Amino acid sequence: ARVASDAAALLAFKAKADPSNRLAFFPAANDSSDDHCRWPGVGCSGDGRVVRLVLEAAGLHGAFASGTLDRLNQLRVLSLKANSLAGPIPDLSRLLNLKALFLGRNRFGGSFPASVLSLHRLRTLDLSNNHLSGPIPPALAALDRLYVIRLESNRFSGSIPPFNQSSLKNFNVSYNNFSGAVPVTATLSSFDASAFSGNPWLCGEVVRKECGSHFLFFHRGGGGGGGSSSSSNGSGNGSRIAPPPANTLRGKHEEILLPGSASPSQKMHKRAVVAIGFLAGSLLVIGIFGVSLVMQKRRRKMKQGEILSPVKHNNNNNNGGADASPEPNVESYNQEIESGNNELIAAAALAMSEEKVKKLAKSGCLVFCAGEAQVYSLEQLMKASAEMLGRGSVGTTYKAVLDERLIVTVKRLDAAKLGATGKEAFERHMDMVGRLRHPNLVPLRAYFQAKEERLLVYDYQPNGSLHSLIHGSRSTRPKPLHWTSCLKIAEDVAQGLAYVHQASRLVHGNIKSSNVLLGSEFEACLADNCLSFLVEPSESQDSSGYRAPETRKSNDQLTTRSDIYAFGVLLLELLTGKPPLQQPLLMATDLPAWVRSTREDGADDERLMMIIDIAAACVQLSPDSRPTTWQVLKMIQEVKEADTGDNDSDSASLS
Ligand SMILES: Nc1ncnc2c1ncn2[C@@H]1O[C@H](COP(=O)(O)OP(=O)(O)OP(=O)(O)O)[C@@H](O)[C@H]1O
C-alpha cells in the first residue's frame with residue numbers, strides 16, 4: 001500500500017507541477033506495481049519506496065502543491081532545480097529522511113519554508129535564485145548536519161542567523177536584502193566575503209565593513225538652499241537621510257505604480273496596484289484564450305509538420321529604435337484578434353524551410369547553457385509557432401511557442417551585422433553569458449551555431465519592455481511612472497548590472513529601455529546581455545543616446561563605466577519620460593531643475609532629488625568621475641531606505 005501511495009504522490013505532484021505534461025509518469029495498471037520506479041528521475045529502494053526524485057530543468061512550470069511529494073517519507077534526495085515552479089514552497093515536515101533539497105532556479109515566492117527546520121537529517125539546502133522574501137529563522141543555525149546552505153539571489157531580509165555548524169562548508173547568501181552585523185562565528189568567518197556580497201546593508205568584521213557609520217552619498221554643497229540639501233536626523237556622525245515631508249505627491253491619479261514600489265499614499269496605491277494586477281490578470285487570461293483560438297485556427301489550416309513561409313510583419317522595426325515598438329503584449333494580441341488581423345500572430349516558424357532546418361540540425365547542435373538539460377531539440381524549436389517581435393542591432397527576435405506551452409524568445413543573429421567573431425570565440429563568449437543567472441537578468445538558455453546560422457534562446461518576458469511602459473506602444477498610451485516605481489525599476493536594473501559586472505566581469509554594452517523587460521511579477525530584467533562583443537561598432541548606432549562619449553566611435557571602449565553612463569541616461573528617461581535623444585545636454589547642476597520641471601509628483605521631495613543626483617553622477621563625461629555599479633546600487637538603496645524609514649508598513653512590499 002505504501003508503494004501505491006508513493007506512486008499516487010508522484011502523480012499528484014505531476015498534476016499540479018506539470019501542466020504541459022512533460023513528465024512521462026503513467027498510472028500503473030495495478031496498485032502493487034512498482035512501475036513508478038522506472039519513471040524518469042525517480043529512484044527507489046529495493047522495496048519499491050521512492051528515495052530519490054531528481055527532476056532538474058524538466059520544464060515544470062506549475063506549482064509544487066502541498067499534500068503531494070511530502071507523502072514520500074523515505075525520500076533522501078529531492079531536486080526540482082532549474083524549473084519554473086511558482087508559488088510558495090509547501091510544508092515538507094513529513095520528509096524526515098531528506099538529506100538533500102535542491103529547489104534553486106525556480107520562481108518560488110513567499111517566505112522561507114519553516115518546515116525545513118524539522119528536517120534534522122538535512123545536509124544540503126539550496127533555495128537559491130527564487131523570489132523568496134522575509135527573514136531566515138534563527139533555528140536554521142541549529143540544524144547541525146548542514147553542509148550546504150545556498151540562499152543567494154532571493155529577496156531575504158533581516159539579519160543573518162549565527163550559523164556555527166562545523167559541518168557547514170558551502171554557504172552563500174549573496175544578492176539578498178540582509179542587513180546588520182554578520183555574527184562573528186568561527187564558521188561564518190571562514191567564508192569568503194563573496195558569500196555575503198550584494199547585501200549592501202550587511203556590516204561587521206566578517207564582511208570587513210564598519211557598522212554604525214552610515215555613509216551618505218548625497219553631499220550637496222554647504223548651505224543647501226532651495227530644499228536641495230540632505231537633511232540629517234541630528235545624530236551627528238551616524239547621519240541618515242531624514243524622512244521626506246508627507247503629501248508631496250501630485251497628480252497621482254495619472255501615474256502608474258508598479259507592484260513592489262512604495263508610496264507615501266500607500267493605501268490608495270495598494271488599491272490601484274490590486275486593480276492593475278486584476279486588470280493585467282484578466283487581460284492575460286483573455287490574451288491566452290485569444291492566442292490559443294488563433295493558434296487553433298492556424299493549425300487547422302496547416303498540414304501536419306508543414307513549415308509556413310514567412311508572412312510580412314506589419315510593424316517591422318528596422319532600426320530597433322525608439323518608436324513603433326512591436327511589443328508582444330497581451331493588449332496588442334487582443335487588439336489584433338479583435339480587429340481580425342491574424343497576420344501578426346500567424347507568422348512562420350522562424351522563417352526557415354524544412355530542408356534548411358534538417359541541414360542545420362546535421363551541422364550543429366543546440367547547446368544548453370549553465371549545465372541545464374536539453375529540454376527541446378533544434379527541430380522542435382524551428383517548428384515552433386513563431387511571431388516576430390522586432391529587429392535590433394544584431395538580428396531579428398522572435399517569440400516561439402513550443403508544444404503549445406513553452407514560450408521562448410529566439411534571436412536569429414544576422415551575419416551581416418556581426419563582426420568576424422570566430423566559432424570558438426563565439427562559443428566561449430556564449431558559455432560565459434549563458435552562465436549568468438540572476439532574477440534581474442533575462443537568462444540565455446541555449447545557443448546554436450552552424451556555418452551560416454547563429455541563434456540565441458532566451459526566456460520570454462511576458463510584460464513588455466520598459467520602453468513601451470514609458471513611451472507607450474502601438475496599443476498602449478505613454479503614462480508617467482510614479483517616482484517610487486522609477487526607484488524600484490532602477491534598483492532592479494542596478495542589481496542585474498552589478499551582478500554582470502561583479503560576478504562575471506563582463507560588460508553589458510547595450511543598456512536601453514527596450515532592453516529592460518518586465519517579468520511575470522513586473523520585475524525589471526536586463527536583456528541582450530553582453531552581446532555588444534559580437535557587433536561591429538557601426539552597427540550599434542541606434543542606441544546612440546545611451547552611448548558614453550568615449551564609446552561613440554568604437555565598441556572597444558565599452559567598459560563597466562560606459563554601462564553606468566547608459567544607466568544614468570536610462571534613469572533620466574525613467575524620471576522624465578523623455579527618450580535619450582530628447583534629453584537636453586545639461587550641466588549636472590542644471591539637471592535637477594529640468595527633471596523636476598517634467599514631473600508632476602514629488603518635485604520637492606528630497607528623495608527624488610537624490611535619484612536625480614545619482615543620474616547626474618552617472619552621466620559625467622569623464623569615465624573616471626562616474627560611480628561604480630556597486631556605488632550606484634548602494635545609493636539607490638540608500639534612497640529606498642530613506643523611503644522605508646518613513647513608511648514601516650511599506651517595507652514588506654518593497655523587494
Ligand atoms: N526575452 C524577451 N521577451 C520578450 N520580449 C523581448 C525579449 N527580447 C527582446 N524582446 C523584444 O523584442 C523586440 C526586439 O528586440 P531586439 O533585441 O531584437 O531589438 P532591440 O532591443 O530594439 O535592439 P537591440 O538589438 O539593440 O537590443 C524589442 O521590442 C524587445 O523589447
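Bear in mind the structure is a predicted one, so any value in this text is a computation, not a measurement.
- In this structure, Leu455 CG and Glu453 CD are separated by 5.0 Å, a value rounded to the nearest 0.5 Å.
- No salt bridge links Lys634 with Glu638; every basic N to acidic carboxylate O contact stays at or beyond 4.0 Å.
- Note that CG of Leu506 is 12.0 Å distant from CG of Leu558, once rounded to the nearest 0.5 Å.
- Under a 4.0 Å N-O distance rule, the pair Lys512/Asp528 does not qualify as a salt bridge.
- Between Arg454 and Glu427 there is no salt bridge, since no side-chain nitrogen of the basic residue lies less than 4.0 Å from a carboxylate oxygen of the acidic one.
- A donor-acceptor contact shorter than 3.5 Å links the side chain of Arg437 to the backbone of Gly434.
- Partner Glu573 forms a side chain to side chain donor-acceptor pair (under 3.5 Å) with one of His467, Lys578, His471 and no other, that one being His471.
- No side-chain heavy atom of Asn440 sits less than 4.5 Å from a side-chain heavy atom of Val493.
- The pair Glu521-Arg155 meets the salt-bridge criterion, since a charged nitrogen lies less than 4.0 angstrom from a carboxylate oxygen.
- Under the 4.5 Å side-chain criterion, counting only non-hydrogen atoms from C-beta, Val639 is not in contact with Glu491.
- Aromatic rings from Tyr147 and Phe171 are positioned such that their centres are separated by 6.0 Å or more.
- Ion pairing between a basic and an acidic side chain is recognised when a charged N comes within 4.0 Å of a carboxylate O; Glu523 and Lys488 show no such pairing.
- Asp459 and Lys399 are not joined by a salt bridge, as no carboxylate oxygen comes within less than 4.0 angstrom of a charged side-chain nitrogen.
- Partners of Ala548 under the side-chain contact (heavy atoms from CB on, under 4.5 Å) rule, at least two apart in sequence or in another chain, are Glu550, Thr551, Ser562, Tyr565, Arg626.
- A cation-pi arrangement is not found for Arg445 relative to Tyr458, the charged atom failing to lie both closer than 6.0 Å to the ring centre and inside a 45° cone about the ring normal.
- In this structure, OG on Ser514 lies 7.5 Å from CG on Asn510, to the nearest 0.5 angstrom.
- Salt bridge status for Arg105 with Glu56: absent, with no side-chain N to carboxylate O gap under 4.0 Å.
- Aromatic ring centres of Tyr175 and Phe196: separated by at least 6.0 Å.
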